[in-house]
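As structure tokens, the structure follows; a few thoughts come after it.
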Amino acid sequence: MKQLLIHEIYQKEPIDQEICVKGWIKTRRDSKGGFSFLEINDGSSLKNLQIIADNSLKNYQQDILKLFPGASVKVEGILVSSPGGNQKMELKAESVRIYGFSDVTTYPLQKQRISFEKLREIAHLRGRTNTFGAVTRVRNALSFATHCFFQERNFYYLNTPIITTSDCEGAGQLFRVTTLDFNNLPKNKQGNINCESDFFSQEASLTVSGQLEAETYACGLGRVYTFGPTFRAENSNTSRHLAEFWMVEPEMAFTNLTQDIALAEDYLKYLINYILNHCKDDLEFFNLRIENSLLEQLNKIVSSKFITLTYTDAVKILSRNRNFSFPVEWGIDLQSEHEQYLTEVEFKKPVVLTDYPKSIKPFYMRMNDDNKTVAAMDVLLPKIGEIIGGSQREERLDCLQNRLKELDLHENDYWWYLDLRRYGTVPHSGFGLGFERLVKLCTGMGNIRDTIPFPRVPGNAKF
RNA sequence: UCUACAAUAGCUUAAUGGUAAAGCUUUUGGCUGUUAACCAAAAGAAUAUCAGUUCGAUUCUGAUUUGUAGAGCCA
């Protein structure tokens, strides 16, 4: 007997064939006509399969009438076309084997609405709900599409280290990695902790970005991308931040900022096109239940040509509007309200801002000829805000050394990064995309904690 | 971290300075090729924690904890 996933059944419609399905009960409705309707779901689709369990089944009284949401079953029978209105097919059961019952008095996922906040407290079970099933399938599709996109363009998938000893960007608080005994920390004469006896013989922490390591391999293999976890110990309590999140970071040798922007735009459109074509049911569900403008937003991103303008021009546009709570002047970092104004009021489409003042960007970005701005770019989306940040990297040794000095950073700490500029330096560029923010964009979920199976945030790393 | 708001049955919500109401879930009965079914009954709550005001606090005040939204930081 052929075992099928529910999504395969809806795809192939093997009517009148004998099949086997395994999954979890969503609901049971009994008919006094002498049978029960079981809705089962196996995670392969948003759709459930309706099972007809007749009371002539051996274990009808004993088992089937005790099936409640959450129970796991194997059903064998014949797939028939359904007389009911809401489904094309149903499975007429010849046998129902129960793997595990579910206690209806304690199982939290009954057929009733549960808030996302409550579901976060039972993250081990929320994957069984419609919403989190759909989020997980879309997240998977985006992940697969990411690899497809870069592989098709001859990028190598690169695994950069998760434990690092360099705070390269100087950005963000780091999570310390140590095996020292906290109750008996080794101290030197000055009273500071002596890291030489620690596991790595120096201070180590979880990575905040794989970019600098990715640059090293891009300057040898040409095109690489990373896709891995990153960690920020910032005390950020918002619906857009996680302490542990996944980042996609392509890095390309022999490219400038214009090519970097083009790649970013292609990548975003590729991803959205992919899910529009491969996750139709899930996206329609999100559009109906979660965010009514989702499909409109996604289609708009795919169909619009992104606007590119310099930070300086953006400041000119923003200066015309006096109604901001943070006044705009050249040199400030743009606030959320300013980004929103550009994407939602002024242009009403994705906007790529370029050439930011050097003072608000990290040391590795390439200095422009004006010596005031750097070759940076941020992709801003309506309603979402910044989703991609990138730049052309500084490839000139002397310029990079000057920047390190200006920012009071020590050359010694960046010796290997500087070596790339000493030996066969090339212009190169890249960007970073926060994967959970992408999932948020593509599902319409309001809180980033609901875009990753087990979110890590200040004060909470349960499960 | 800052600002605002919230916390009441298993879940989702209501109400009131005088110990709490409803829907869903559950149980029982009725009806039914049903489909987040329907009808009737039953069961189910020291109203987040700790103080204070008061004859009396779930309601007012303060603190704490947790959560949400926005801001900052950023992806």
Side-chain angles (χ1 to χ4, degrees), chain A residues 26-40 47-54 66 68-70 80-87 90 92 102-122 129-130 169-173 208-211 229-249 289 324-326 332-340 360-362 378-381 384-390 431-441 446-452 457-460 462:
Chain A
K26 283 279 196 178
T27 65
R28 188 193 83 230
R29 295 180 294 275
D30 300 325
S31 168
K32 284 297 186 299
F35 58 95
S36 296
F37 299 97
L38 305 175
E39 294 274 337
I40 72 167
K47 293 191 192 115
N48 302 325
L49 184 66
Q50 177 163 289
I51 310 291
I52 308 298
D54 197 84
K66 289 177 194 155
F68 289 102
V80 295
S81 55
S82 174
N86 286 10
Q87 64 279 320
E90 61 191 21
K92 182 122 182 38
S102 175
D103 184 349
V104 72
T105 59
T106 53
Y107 186 64
L109 302 178
Q110 301 300 332
K111 50 173 183 179
Q112 62 206 353
R113 270 176 205 281
I114 302 190
S115 63
F116 292 140
E117 292 78 34
K118 189 59 84 176
L119 284 173
R120 265 172 235 149
E121 294 170 15
I122 48 167
T129 63
N130 289 338
E169 292 199 61
Q173 297 289 313
V208 295
S209 162
Q211 181 202 313
T230 48
F231 308 86
R232 307 270 167 99
E234 296 285 354
N235 190 10
S236 295
N237 291 289
T238 80
S239 54
R240 304 182 308 284
H241 290 85
L242 292 166
E244 176 181 298
F245 64 100
W246 288 64
M247 195 147 61
V248 178
E249 296 176 291
R289 297 294 181 89
F324 294 122
S325 33
F326 293 89
I332 63 151
D333 210 350
L334 297 183
Q335 308 292 322
S336 298
E337 57 174 346
H338 306 137
E339 296 179 351
Q340 278 164 20
I360 56 172
K361 289 292 179 185
D378 283 357
V379 180
L380 311 177
L381 296 181
I384 299 290
E386 183 182 343
I387 187 144
I388 285 178
F431 62 78
L433 169 134
F435 194 65
E436 282 71 22
R437 288 192 180 170
L438 174 74
V439 177
K440 193 167 177 279
L441 161 73
N447 194 314
I448 201 163
R449 296 165 195 209
D450 299 325
T451 63
I452 186 168
V457 294
N460 194 337
K462 296 203 178 91

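Every chain is numbered from 1, with letters handed out A, B, ... down the list of sequences. These numbers come from the heavy atoms of this one structure, side chains and all, not from hydrogens, waters or symmetry mates. None of the values given here were measured: they were computed from a predicted structure.
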Closest to the Ser336(A) side chain, choosing from rA71(B), rG33(B), rA75(B): rA71(B)
Hey, does Arg28(A) reach any base, or is it just sugar-phosphate, or nothing, if we go heavy atoms under 4.0 Å? nothing
Less than 5.5 Å between centroids and less than 30° between ring planes, does Phe37(A) satisfy that with rG33(B)? no
Please give the nucleotide sitting opposite rA14(B) as a Watson-Crick or G-U wobble pair, both distances under 3.5 Å, or none. none
For Glu337(A), report the nucleic acid contact type (base, sugar-phosphate, nothing); a contact means any heavy atom under 4.0 Å. nothing
Paired to rG67(B) by Watson-Crick or G-U wobble criteria (both distances under 3.5 Å) is rC5(B)
Looking at every strand, decide which applies to Ile387(A) at a 4.0 Å heavy-atom threshold: base, sugar-phosphate, or nothing. sugar-phosphate
Are Lys462(A) and Glu121(A) close enough, and set up right, to give a salt bridge (charged side-chain N to carboxylate O under 4.0 Å, His left out), and what steps lead you there? CA-CA 9 Å; Lys462(A) 296 203 178 91; Glu121(A) 294 170 15; over 6 Å; no
Partner of rU53(B) under the Watson-Crick or G-U wobble criteria, both distances under 3.5 Å, comes out as none
Please tell me which of the listed nucleotides, rG67(B), rA75(B), rU34(B), lies nearest to the side chain of Arg232(A)? rA75(B)
Rounding to a whole Å, what distance do you find between Ile332(A):CD1 and rG72(B):C1'? 13 Å
In Watson-Crick or G-U wobble terms, both distances under 3.5 Å, what is the partner of rU32(B)? none
Measure NZ/Lys118(A) against P/rU68(B) and give the value in whole Å, please. 12 Å
